[in-house]
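Just below is one structure, and these are the notes that go with it.
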Amino acid sequence: MAMVIRVRFKRASKLYDFDPNGFELHNGMMVVTETARGVELGECMSGIIDVPDDHLVLPLKPIIRIATEQDLAIQKSNEQREKEAFAIALDRIADHGLEMKLVDVEYAFDHSKIIFYFTANGRVDFRMLVKNLASIFKTRIELRQIGVRDEAKMLGGIGPCGRPICCRSFLSDFTPVSIKMAKEQNLSLNPTKISGLCDRLMCCLKYEQDQYEATRKRMPRVGREILTPDGVGTINAINVLEETVRVRIAVGDSFELREYPIDDCQRPEQEKQQPAVSEEEKQTAQPEKKDKLRTNAIKPRPVRESQKSEEEKAENRDENKVKSENQKKNMPNPERRKEPKTTVQPEQIQEVEPEELLRGDVLQIREDEQPEDLL
């Protein structure tokens with residue numbers, strides 16, 4: 001935790017944290033501080049507060065002193081010099097023929113430099129202009145190109161609502177705004193109606209966007225069916241601000257458009273109604289479920305090899321040996337080879353007498369002879 005004081009240097013600008021440096025400060029006091037741009041005069045926008053170290057940009061710059069009457073007089077003289085420098089710069093820009101628009105001039109509190117803010121469509125070569133201005137003011141010159149939103153913040157003006165523009169009044173940072181926000185808020189997409197003085201989308205489109213998103217989540221979409229006090233109808237339009245819906249309801253042979261608060265409407269049930277189950281069927285179904293759970297609980301789990309005892313392992317080894325021996329016995333012996341069958345050629349056939357047939361010898365007969373001839 002650190003004790004800090006928050007200081008603002010311009011109207012509706014960003015707040016910066018500084019070390020109080022032992023001074024008793026409160027909201028609205030003018031102080032002289034040391035910044036990265038040098039010594040500047042700022043206004044305290046809070047009292048001394050405690051801020052966690054995670055939310056600070058260390059190291060903190062200290063408060064030099066509480067502003068005196070002399071410091072305030074220097075600030076007023078700087079504002080007068082800024083107007084004179086603005087007129088001189090406009091003449092020099094016209095002499096050099098540069099396509100740039102001068103917006104504002106800022107004098108440093110200690111006269112160490114002068115900053116010229118301008119807008120342009122592209123890059124501008126202003127080197128000769130810087131040399132010319134430096135020879136006139138005899139100090140350091142800086143030219144900074146800014147965007148159209150920053151231009152509107154510096155110049156100010158009246159917005160389409162009739163009030164001073166927000167960025168000049170209280171907005172310290174610009175938030176991104178998209179055309180999607182205008183569509184969700186059912187605004188006209190005419191650029192002249194949703195654009196501000198900077199010709200960009202108005203920053204106020206972001207103010208109500210969170211409320212629109214939260215309300216749209218509660219409301220049904222256009223084209224869906226909805227149950228109203230007068231019956232089921234189709235949504236024709238929705239009003240997010242009033243939280244009402246316009247419903248197209250059938251009345252006799254015609255249709256009518258009626259508005260209802262969203263709280264008085266309900267979405268039709270899309271789930272099919274299941275057939276009613278009697279109490280007896282429920283009671284008979286419950287024991288079956290219990291029996292299934294019991295059987296699943298009693299079912300033994302397979303035992304891993306690591307959980308088996310040494311005796312069981314030895315028995316399994318013996319069984320495996322017996323099985324392997326039986327398989328070897330049943331398998332045919334590869335050493336017993338079948339004798340090749342010999343085929344007898346016709347030249348090798350010999351004639352045999354009938355008496356030799358009685359001895360049990362095999363009789364070989366030619367193809368062109370018949371057994372009757374031999375007998």
Side-chain angles (χ1 to χ4, degrees), residues 1-90 102-118 133-134 136-144 146 149-157 163-174:
M1 299 291 287
M3 305 288 289
V4 300
I5 185 75
R6 291 184 172 172
V7 181
R8 184 178 67 182
F9 299 100
K10 289 184 179 180
R11 183 178 180 179
S13 64
K14 188 178 179 181
L15 301 179
Y16 298 91
D17 296 331
F18 289 90
D19 183 8
N21 200 14
F23 293 103
E24 294 183 0
L25 304 173
H26 56 82
N27 188 9
M29 292 184 66
M30 303 298 292
V31 292
V32 178
T33 63
E34 181 183 354
T35 65
R37 297 169 53 182
V39 179
E40 293 188 13
L41 180 68
E43 181 183 2
C44 294
M45 300 304 297
S46 69
I48 299 174
I49 57 176
D50 293 334
V51 178
D53 295 338
D54 299 338
H55 297 77
L56 297 175
V57 179
L58 301 176
L60 293 175
K61 298 288 185 179
I63 298 292
I64 297 176
R65 63 179 180 272
I66 299 174
T68 60
E69 293 182 358
Q70 185 178 0
D71 295 330
L72 299 177
I74 294 173
Q75 183 67 16
K76 289 182 180 180
S77 64
N78 288 342
E79 293 176 357
Q80 184 65 28
R81 290 182 179 182
E82 289 173 359
K83 296 179 181 179
E84 297 174 359
F86 188 87
I88 295 171
L90 285 178
L102 188 63
V103 177
D104 195 10
V105 179
E106 181 182 354
Y107 251 88
F109 181 75
D110 54 358
H111 299 175
S112 58
K113 61 182 177 181
I114 305 173
I115 303 174
F116 294 87
Y117 297 96
F118 71 95
L133 294 175
I136 295 173
F137 296 105
K138 305 298 181 180
T139 186
R140 182 181 174 183
I141 302 297
E142 287 187 10
L143 271 78
R144 294 185 181 179
I146 61 175
R149 280 192 164 187
D150 294 316
E151 177 188 2
K153 185 171 184 177
M154 289 181 177
L155 299 178
R163 296 177 59 86
I165 55 178
C166 302
C167 56
R168 180 69 174 177
S169 302
F170 59 88
L171 283 182
S172 59
D173 295 324
F174 293 110

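Hydrogens, waters and symmetry mates play no part in the numbers below; they use all other heavy atoms, side chains included.
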To check you understand the geometry: which heavy-atom pair defines the closest contact between [X] and [Y], and what is its length?
X	Y	answer
Ala89	Phe116	CB-CE2, 3.6 Å
Leu56	Ala2	CD1-CB, 3.6 Å
Ala108	Asn78	O-ND2, 3.6 Å
Ile165	Ser169	O-OG, 3.0 Å

Separation of [Y] [atom2] from [X] [atom1] (nearest 0.5 Å):
X	Y	atom1	atom2	answer
Thr139	Asp110	OG1	CG	9.0 Å
Lys61	Thr33	NZ	OG1	10.0 Å
Phe109	Ile74	CZ	CD1	4.5 Å
Lys113	Ile141	NZ	CD1	11.0 Å
Phe9	Met45	CZ	CE	12.0 Å
Glu142	Leu133	CD	CG	12.5 Å

Does some side-chain heavy atom of [Y] sit less than 4.5 Å from a side-chain heavy atom of [X]?
X	Y	answer
Ile114	Arg81	no
Asp104	Ile115	no
Glu34	Pro62	yes
Glu40	Val32	no
Leu41	Met30	yes

Residue pairs fulfilling salt bridge (Lys or Arg N to Asp or Glu O under 4.0 Å) with at least one residue in residues 67-78, sequence neighbours excluded: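 Residue pairs passing salt bridge (Lys or Arg N to Asp or Glu O under 4.0 Å), neighbours aside: Arg65-Asp71.
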
For Asn27, side chain to side chain donor-acceptor pair (under 3.5 Å) partners two or more places apart: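 Asn27 satisfies side chain to side chain donor-acceptor pair (under 3.5 Å) with no residue once adjacent residues are dropped.
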
Side-chain donor-acceptor pairs of residues 18-25 under 3.5 Å, sequence neighbours excluded:
from  : atom 1 : to    : atom 2 : distance (Å)
Asp19 : OD1    : Asn21 : N      : 3.3
Asn21 : ND2    : Ile63 : O      : 3.1

Do side-chain atoms of Glu82 reach the backbone of Tyr107 as a donor and acceptor pair under 3.5 angstrom?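 Such a contact is found between Glu82 side chain and Tyr107 backbone.
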
Listing request: all side-chain hydrogen bond (donor to acceptor under 3.5 Å, both in side chains) pairs with a residue in residues 3-14, at least two apart in sequence or in separate chains.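 Passing the test, one end in residues 3-14: Arg6-Asp17, Lys10-Glu106.
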
Donor-acceptor list for residues 150-157 side chains, cut-off 3.5 Å, not counting sequence neighbours:
from   : atom 1 : to     : atom 2 : distance (Å)
Glu151 : OE2    : Lys101 : NZ     : 2.6
Lys153 : NZ     : Ala12  : O      : 2.9
Lys153 : NZ     : Leu171 : O      : 3.2
Lys153 : NZ     : Ser172 : O      : 3.3

For Phe118, check ring pair (Phe, Tyr, Trp, His ring centres under 6.0 Å) against everything at least two apart and list the hits.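 Counting only residues at least two positions away or on another chain, Phe118 forms a ring pair (Phe, Tyr, Trp, His ring centres under 6.0 Å) with Phe126.
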
